[in-house]
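FYI, side chains are in, hydrogens and waters are out, and symmetry mates aren't considered; it's all heavy atoms of this structure. What you are looking at is a predicted structure, and each value in this text was computed from that prediction instead of being measured. Residue numbers start at 1 and run along the sequence shown.
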Amino acid sequence: MPGFISGHTHVAGGSSTRGIFEGSRSYVRPLEIAEELSDDDLDALTAYNLAELIRSGCTTQVEMALSRRQAESYVRVAGPWGSRGYPAA
């Protein structure tokens with residue numbers, strides 16, 4: 001049985017921008033830095049963020065990745081974990 005469903009997630013860039021959205025600072029630079037990561041490091045960041053979602057009970061996500069590369073990272077990580085994911089990039 002699925003848990004919670006999130007219709008709008010940014011799994012690959014979630015932790016790199018945490019705390020910025022609440023303030024008036026731009027979140028663009030942290031996302032640019034995330035894009036410069038190797039595939040292994042981006043997958044590790046994606047896994048960390050996906051683990052937080054799963055731990056909170058969210059087993060299904062519509063991933064609103066900000067780049068094709070982030071969407072591909074989400075697919076690589078979410079599939080083997082059994083998370084129901086739908087990349088929208």
Side-chain angles (χ1 to χ4, degrees):
M1 178 186 308
F4 296 114
I5 299 169
S6 175
H8 187 127
T9 61
H10 294 280
V11 177
S15 62
S16 61
T17 58
R18 186 167 293 125
I20 294 175
F21 291 112
E22 291 79 18
S24 59
R25 297 172 289 168
S26 172
Y27 60 88
V28 173
R29 183 63 185 139
L31 291 174
E32 289 173 346
I33 292 170
E35 283 295 307
E36 295 170 7
L37 296 172
S38 69
D39 285 348
D40 288 340
D41 288 343
L42 183 59
D43 288 358
L45 182 64
T46 300
Y48 172 79
N49 293 318
L50 185 57
E52 278 192 336
L53 282 170
I54 293 171
R55 184 174 147 224
S56 69
C58 182
T59 60
T60 305
Q61 305 89 30
V62 176
E63 170 58 14
M64 306 300 280
L66 299 173
S67 72
R68 181 177 178 94
R69 191 163 173 262
Q70 289 181 7
E72 290 168 349
S73 176
Y74 176 80
V75 169
R76 285 192 300 267
V77 173
W81 285 23
S83 184
R84 294 166 194 85
Y86 305 92

Between Leu42 and Ser73, what is the shortest heavy-atom contact and its length?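 Minimum heavy-atom separation between Leu42 and Ser73: O-OG, 3.6 Å.
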Would you give the length of the straight line joining atom CD1 of Ile54 to atom CD of Gln61, rounded to the nearest 0.5 angstrom?
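Between Ile54 CD1 and Gln61 CD, I get 6.5 Å after rounding to 0.5 Å.
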Rounded distance [0.5 Å steps], CG in Leu50 versus CD in Glu63
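Reported value, rounded in 0.5 Å steps: 9.0 Å.
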**Q.** Short side-chain to backbone donor-acceptor contact, Thr59 and Ser83, under 3.5 Å
**A.**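 Not a single qualifying donor-acceptor pair exists.
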Check side chain to side chain contact (heavy atoms under 4.5 Å, CB included) between Ser56 and all other residues, then give those that pass, not counting sequence neighbours.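 Scan of Ser56 (side chain to side chain contact (heavy atoms under 4.5 Å, CB included), adjacent residues dropped) gives Cys58.
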So Arg76 and Thr46, do their side chains get closer than 4.5 Å, heavy atoms only?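 Sidechains of Arg76 and Thr46: no contact.
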Q.
Going by side-chain hydrogen bond (donor to acceptor under 3.5 Å, both in side chains), name the residues that satisfy it together with Gln70, two or more places apart in sequence or in a different chain.
A.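 By the side-chain hydrogen bond (donor to acceptor under 3.5 Å, both in side chains) rule, Gln70 matches Glu35.
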| query | Are Val75 and Trp81 joined in one hydrophobic group, where the rule is that I, L, V, M, F, W and Y side chains link up if heavy atoms are under 4.5 Å apart? | reply |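 In one cluster with Val75: Trp81, no.
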Taking only residues two or more places apart in sequence, or in another chain, which ones meet Asp41 in a salt bridge (Lys or Arg N to Asp or Glu O under 4.0 Å)?
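None.
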